[in-house]
Amino acid sequence: MGEKNIFVIGLDEANVPTLERVPGADQYRFHRLLSIEELQSGEVSVADLIKRAEGVLDAFEGSVDAIVGYWDFPVSTLVPILSERYGTRSTSLESVVKCEHKYWSRLEQQKVIDEHPRFGRVDLEARDPRPPEGVRFPMWLKPALAYSSELAFGVKDEEEFRKAVAEIREGIGRVGRPFEHILDRLDLPPEMRGVGGQVCLAEEALTGVQVAVEGYVHEGEVTVYGVLDSIDYPDSPCFLRHQYPSTLPEPVIRRLHDVSRRVIRQIGMDGATFSIEYFYDPGTDEINLLEINPRHSQSHAELFAYVDGVANHHCMLGLALGEDPSLPHRAGRYRMAAKWYYRWFADGVVRRTPDAEEIARIEREIPGVRIDVVPERGQRLSQLEQQDSYSFEIAHIVTGGDTEEDMREKYDRCVAALNRTLEAAPGGREEERKERGTG
């Protein structure tokens, strides 16, 4: 078999080593197709991105064997658009949009499952927007389309509702407007005609444990290959860590598998990976689907590598090349693994960050860890792209271990080591920098 040329939309430095370690990678040549900056800075022009990508692919002298990506919009929608143009494998654009457009996604989910919150649209054009009928406080307001948790707000009364609506109104166009170009490419069902991309969704707040289900569809068959727990900082909606495998009881995991299969079949995905987020409430034994991502989670790649022996990128690559993408099971070095989000909860300017040598030294001293520092030197935290509405990511820390205590101890040691090399000056709305390192 000759070398395969795989074009990765938004290939970032952090994922290069992980991709290069998947089985068969010696036969793959990875090519970056568009940079993260081009894809995510300011208001995206889908037409411009397609044109730029086509320029690169048309100028390439070898074969274009696969076009893949592991980020949300616009990457998730560019994959099927470019795959159709260059004859490579991917799921349909419509199936991707049915996941990405949160309102359309809910309309599809309610056709086959009951495991979802009450929801409705908020009229942003109204002079005095109101919560949808039947949706009660506390609730979440979010654009039908956004990066990460950008412009998603938890609100508990009318006053907070009005404030959140004002912020969403102001910022929704950045992703909503370009998304309308994607909707124009589809033959929309009656319930989606005239809805557009600049839609605000209200959903009743969910409680319980957050869980992610990862899987893929190959030749119409849905396979779930992993269930992970997502644990928040105490009294905060911000992720502290993703942990694999899940610690939920087996009957609950079976139900998560079943709901996931039904929803993915309804949406009509094929030849693609997916990641579905849920809440499970141990008090009521209720499962509720939060959202469907039409891609696997690159955040989880190293967790699968640590526990199963192969990163989940392997599934994406196998499907794109028309091969059986099955992952090994529990063949990795560690019984469990976690990706931690070290955050600061107030603004500031980062005066110093550790260099590559310092990070390599910490990783050598603490076995089974990987560190990726997010801000660059001199950066103001509030100017970082793709942050949630409540905190700023300072570093992503992956730890592998045989117990939770083992992983937490490694994380604490990493944070202590990082704090010796990170310097920040206070700034922004609050005078003092507050930090939260552990949960």
> Could you give the distance from CD (Q210) to OG (S246), rounded to the nearest 0.5 Å?
Replying inline: 12.5 Å

> Does the pair F274 and Y216 meet the rule for a ring-ring contact (aromatic ring centres under 6.0 Å, His included), with working shown?
Replying inline: CA-CA 6 Å; F274 61 83; Y216 61 82; 8.1 Å; no

> Can you find a heavy atom in the side chain of L240 that is under 4.5 Å from one in the side chain of D232?
Replying inline: no

> Can you name the nearest heavy-atom pair linking H218 to D270, along with the distance?
Replying inline: C-OD1, 3.8 Å

> In terms of side-chain geometry, is the basic nitrogen of R361 or E365 positioned less than 4.0 Å from the acidic oxygen of its partner?
Replying inline: yes

>> I'd like to know if D58 pairs up with R85 as an ion pair, taking the criterion as any Lys NZ or Arg NE/NH1/NH2 lying under 4.0 Å from an Asp or Glu carboxylate oxygen.
In response: yes

> Aromatic rings H31 and F7: how do their planes relate, parallel, tilted or perpendicular, breaks at 30° and 60°?
Replying inline: parallel

>> Strictly below 4.0 Å, N to O, side chains only: are K163 and E160 in salt-bridge contact?
In response: no

> Does a donor on one side chain and an acceptor on the other come within less than 3.5 Å for Y70 and D12?
Replying inline: yes

> Taking it one step at a time, do N293 and E277 satisfy side-chain hydrogen bond (donor to acceptor under 3.5 Å, both in side chains)?
Replying inline: CA-CA 8 Å; N293 301 297; E277 294 168 48; 3.0 Å; yes

>> Looking at every heavy atom in both A212 and H300, which two are closest together, and how far apart are they?
In response: CB-CE1, 4.0 Å

> Are E94 and K98 within salt-bridge range, i.e. N to O under 4.0 Å?
Replying inline: yes

> Can we call the ring centroids of W344 and F392 under 6.0 Å apart?
Replying inline: no

>> To the nearest 0.5 Å, what is the distance between CE on M139 and CG on L206?
In response: 12.5 Å

> What heavy-atom pair brings T353 and P375 nearest, and what distance separates the two atoms?
Replying inline: CG2-O, 3.7 Å

> Is it true that E363 and R370 have a side-chain N and a carboxylate O under 4.0 angstrom from each other?
Replying inline: no

>> If the threshold is 4.0 Å, N to carboxylate O, is there a salt bridge linking E358 and R352?
In response: yes

> Are any non-hydrogen side-chain atoms of P74 and L49 less than 4.5 angstrom apart?
Replying inline: yes

>> Quick check: do K339 and Y341 have side-chain heavy atoms less than 4.5 Å from each other?
In response: yes

>> What I want to find out is whether E203 reaches R106 closely enough, with some N-O distance under 4.0 Å, to be called a salt bridge.
In response: yes

> CZ of R89 to CD of E323: how many Å apart, nearest 0.5 Å?
Replying inline: 8.5 Å

> Once you round to the nearest 0.5 Å, how far does CD of E221 lie from OG1 of T223?
Replying inline: 5.0 Å

>> Regarding E100 and R295, does a basic nitrogen lie under 4.0 Å from an acidic carboxylate oxygen?
In response: no

>> Quick check with a 6.0 Å cut-off and a 45 degree axis cone: is R121 positioned over the face of Y103's six-membered ring?
In response: yes

